[in-house]
Number of protein chains: 2
Amino acid sequence: MDLRQLRYFIGVAERGGFGAAASALNIAQSALSRHIKELERELGGALFTRTARGVAVTESGKVLLERGRWLLGLVDDIKAEVRTENREPSGTVRLGAPSSVAEIFYPPLARLIAARFPRVQLELGEALTELACDRLLRGQLDLAIVTGPQPNDHLCYETLVEEQVFLIGPPDDPKLKRGRMTVNDLKHLSRAVLPLSRTPFPPEVPSFVRVESSTPMKRIVASGLGYALLPYSGIYQEVDAGQLSAALLPWMSAERVLALPRGRPISRATQETRTLLKEICGDLIRDGIIRTSQRKRVIRQQRTSAH
Amino acid sequence: MDLRQLRYFIGVAERGGFGAAASALNIAQSALSRHIKELERELGGALFTRTARGVAVTESGKVLLERGRWLLGLVDDIKAEVRTENREPSGTVRLGAPSSVAEIFYPPLARLIAARFPRVQLELGEALTELACDRLLRGQLDLAIVTGPQPNDHLCYETLVEEQVFLIGPPDDPKLKRGRMTVNDLKHLSRAVLPLSRTPFPPEVPSFVRVESSTPMKRIVASGLGYALLPYSGIYQEVDAGQLSAALLPWMSAERVLALPRGRPISRATQETRTLLKEICGDLIRDGIIRTSQRKRVIRQQRTSAH
DNA sequence: GCCCTCCATCTCATTTCGAGATGGAGGCGC
DNA sequence: GCGCCTCCATCTCGAAATGAGATGGAGGGC
C-alpha cells in the first residue's frame, strides 16, 4: 500500500466516480483505475462496487476511507513536525570555556539562543583548555572555547580571535605607566601570578601562586601581590574602575579558539551555537571589549556540513 | 513523502549506515542514498549526519524515526483491518419476506449469519410482495423474498424455488380426501379465504375474507369457514398435527423469488445473505419442508458482481 | 603514508506510472 | 424498444521513477 494509492482511493471515494476523481486529481482515468485495482488486489477484496452511474464504497472501503484520511493527516503532521525540527535546531549543546571567556560570552550567547533557537538547551560549563579538550574527546562537551591550540587529531579548531595581552598590576603601578611594555621590562617584575595551565612569563620572574580562574587572579594582583597577564576582555571593567592598571604587551597574543570533536556528528544546534559564538565575538570586538592583535576579526573556515 | 522512503529511512537509521541498510533492505546502496537525499530535500533538512564511520540520526531524524515507525505500524494495522473486513462481510442487511416464508427461513438464516458472519447485522422484516418491492425500490430493503414476479426494471429477480400449492381445509374434509384436486374440483368449493394481494381461486368461488398473514388464514380454514391455498411449507406442521387437511393442486405452483434492487451497489453482506438463503432453501427442500413442483431445486443465475 | 570503509554521484537497464484510445455495461430519453 | 450517453476496464505507448553497478572523494586506522 502506498500513500499515493491511498490518496487516489480517497479521491475516488469522495467524488463517487473514477472519472470525476481523475479530473480532480489531475490524472488519467485509466491510471486511476489501475491503481485502485492494485490496491484492491493487495487488500484482498473490492473497495468499490462499480455501477453504471459511478462507484459506491464497500464496507471494507469505508474502513479504509476513514483510516486512510486519518493516516494522510498524520503524514502531514509528521512532515510539518520534522520540518519544524529542521528549521529550528533543538537538542542540547554542551559548551565549555574558561571562566574569563565565559563571563563575557555566555550572557549574550544565552540571550541569542533563547531568542533565536528556543528549543535548544544550553549547558554552559567552565573549563580550562586541557579539561575542555579532554571533555570534548570524551563526548562530554560538544563545543569549547580554548586558549592556544594544542594539536589533536580528534579535534578540529577554528580561531575566533587573537586578543591583545596586557600585563596587569595594582592601580597606578609605576612600571605600567607607559601603557605598553617590552620583553625586557617583563623580566624585571617582582612576582607573577600565573594561571594554572601555562607559564607565559619569562623564567626570570618568580611566581608564588597559580590560580585557575581569572577573578582571584585579578584580586591578588589588585592587592599588589604580583603581576599577571590577561587579555583586555578579562580586565576592562577593573581597569575602567581604576582597580587595576594595565600595559599592553604588543608581541604577545592570546588566541581564542573554538574547538569541536572530529569524527562525531555535529548537531544543527551545535552548528548554530558555533555561528552565534562567532557573531558574539564580532560584537565584542566592535564594542571594544575584545581588543584584537590581528586585523582580521573573524576567521573563516571551510564548510563542514554540506550535501 | 512515501512509505517506501520511510521504510528505507528507518532501515538506515536502525543499522547506522547506508551500506548495512542496503544489504538488509535488498537494495543497492546508491538507490538508498538517493531516496534518503530526496526525503531530506522534501523535509527541508538533513536527517542524518554523515561521518566516515556511518551515519548518525539528527534531531529531526529522531523525530521522523519515532513517528515513522508508528506510522508504518498503523499502515499494517489498517491493512489488516481492511483485509479482515473483506474476509468477513459486515454491515446491515435488511431483508423482507412474507410471514409464511419468514417463519421457515428466518430462524436458520439468523443462525447461519451469526455463525459465519458475526459482523453482519440482520434486519428481518415481514412484508408481502408489493410492499417488499416498494421498499426495495425506496432503498428501505436490501433483499426480499417475494411470491410471483411482477416485472420491474429496477429490480432483479432470482428464482429460489417453485413450491407445490395445496388447497387446505378443515381436518378430514371429504373434498380433500383424495389428496389432489383438479381445476374443476376447485370451482365447486363453498368459500375461499384469500390472501391480501391476489386471488388465486377461480372466480366461481366466493370469498368472504382477506388476510395478510398465513397464520390467521390457517386458523380460519381450520375452523371450517372456508378454503385457502398455501404451499406445503406454510402448512406442514398443521397437516402433521391433524389440524388441517390438504390436497395438492398439481397445475399450480408458488414461485419464491429473491428480489434485489438494480443500480444500487450490493454489499458483500447482502451477497452472502443471498447465498445463505439459497443454501437454506436447499436444506428445506432436502428436509421435505419445502416441496418443489420442479425438478430443479436451486436455480442458478449469472454472476452479478465480478471484477 | 597507505589502505580500507563508507557515502555520493554517474550511467544505464528495468520497472512503474501516466495519457490517450478503445470497448463493454448499463441507465436515460425519445 | 432503440440509440445515445455515461462510466469504468483494458490496451498500448511514452515518460518518469527506481534500481544496479562502477567510480570517486572523505576520513579513520594501522
Side-chain angles (χ1 to χ4, degrees), chain A residues 1-5 7-9 11-13 15-42 46-57 137 152-156 260-266 302-307, chain B residues 1-5 7-9 11-13 15-42 46-57 137 151-156 261-266 302-307:
Chain A
M1 191 164 77
D2 188 353
L3 292 185
R4 170 172 17 187
Q5 293 175 330
R7 290 196 185 92
Y8 287 171
F9 164 75
V12 174
R15 271 135 192 120
F18 282 65
S23 45
L25 296 167
N26 291 315
I27 187 187
Q29 174 261 321
S30 61
L32 207 48
S33 183
R34 202 170 51 190
H35 276 295
I36 300 297
K37 188 178 175 181
E38 168 61 22
L39 196 57
E40 288 179 323
R41 194 196 58 74
E42 184 182 355
L47 296 168
F48 295 114
T49 49
R50 277 76 164 170
T51 72
R53 277 273 159 271
V55 297
V57 186
L137 294 172
N152 185 315
D153 282 351
H154 299 91
L155 297 177
C156 82
L260 37 150
R262 301 178 83 140
R264 181 148 59 91
I266 296 168
Q302 84 286 353
R303 300 186 60 191
T304 52
S305 165
H307 79 268
Chain B
M1 192 164 74
D2 187 352
L3 291 185
R4 173 177 10 189
Q5 293 176 332
R7 278 186 249 274
Y8 288 169
F9 165 76
V12 174
R15 272 139 192 113
F18 283 65
S23 44
L25 295 168
N26 291 314
I27 187 186
Q29 174 261 323
S30 60
L32 207 49
S33 182
R34 202 170 50 191
H35 276 296
I36 300 298
K37 188 177 173 182
E38 169 59 23
L39 196 57
E40 289 179 323
R41 195 196 56 75
E42 183 182 357
L47 296 168
F48 295 114
T49 48
R50 278 79 164 166
T51 72
R53 277 274 158 271
V55 296
V57 186
L137 294 172
N152 185 315
D153 281 351
H154 298 91
L155 297 177
C156 83
R262 301 178 82 142
R264 181 145 59 93
I266 295 168
Q302 83 285 353
R303 301 186 60 192
T304 53
S305 164
H307 81 267

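Proteins get letters first, then strands, A, B, ... in listed order; numbering begins at 1 in each.
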[X] [atom1] to [N] [atom2]: how many Å, rounded?
| X | N | atom1 | atom2 | value |
| --- | --- | --- | --- | --- |
| A:Leu3 | C:dC17 | CG | C1' | 16 Å |
| A:Arg7 | C:dC17 | CZ | P | 14 Å |
| A:Leu47 | D:dC8 | CG | P | 15 Å |
| B:Leu155 | C:dG27 | CG | P | 12 Å |
| A:Leu32 | D:dT10 | CG | P | 14 Å |
| B:Arg15 | C:dC6 | CZ | P | 15 Å |
| A:Leu25 | D:dC8 | CG | C1' | 16 Å |
| B:Ile36 | C:dT9 | CD1 | P | 14 Å |

A:Arg50 side chain to A:Phe48 main-chain N or O, any donor-acceptor pair under 3.5 Å? yes
Strictly distance-based, threshold 3.5 Å: is any side-chain N or O of B:Gln5 a donor or acceptor partner for the main-chain N or O of B:Asp2? yes
side-chain N/O [X] vs [N] OP1/OP2, d < 4.0 Å:
| X | N | result |
| --- | --- | --- |
| B:Arg50 | C:dC6 | no |
| A:His35 | C:dG18 | yes |
| B:Lys37 | C:dT9 | yes |

How far does CD1 of A:Ile27 sit from OH of A:Tyr8, to the nearest 0.5 angstrom? 3.5 Å
Got a second to check how far A:Leu25's CG is from A:Leu32's CG, nearest 0.5 Å? 6.0 Å
By nearest-nucleotide position on DNA chain D, the 5'-leaning member of A:Val55 and B:Asp2 is A:Val55
Find which nucleotide of DNA chain D each of A:Ser33 and A:Arg4 is nearest to by heavy atoms, and output the residue with the more 5' nucleotide. A:Ser33
Is the shortest side-chain N to carboxylate O distance from B:Arg41 to B:Glu38 below 4.0 Å? yes
Can you give me the closest heavy-atom contact between A:Ala13 and A:Val57, atom names plus distance? CB-CG2, 3.9 Å
Tell me the closest heavy-atom pair linking A:Ala24 and A:Arg15, and the distance in Å. CB-NE, 3.1 Å
Between D:dC8, D:dG28, C:dC7, which nucleotide has the shortest distance from any of its atoms to the side chain of B:Ala52? D:dG28
For nucleotides 19-23 of chain C, give me every protein contact, N/O to N/O, under 3.5 Å, one pair per line with atom names.
{"residue": "C:dA19", "atom": "OP2", "partner": "A:Ala28", "partner atom": "N", "Å": "2.4"}
{"residue": "C:dA19", "atom": "N7", "partner": "A:Ser30", "partner atom": "OG", "Å": "3.2"}
{"residue": "C:dG20", "atom": "O6", "partner": "A:Ser30", "partner atom": "OG", "Å": "2.7"}

What nucleic acid atoms does A:Phe48 come within less than 4.0 Å of, heavy atoms only: base, sugar-phosphate, or nothing? nothing
Would you mind telling me which residue lines up with the more 5' stretch of DNA chain C, A:Gln5 or A:Arg53, judged by nearest nucleotide? A:Gln5
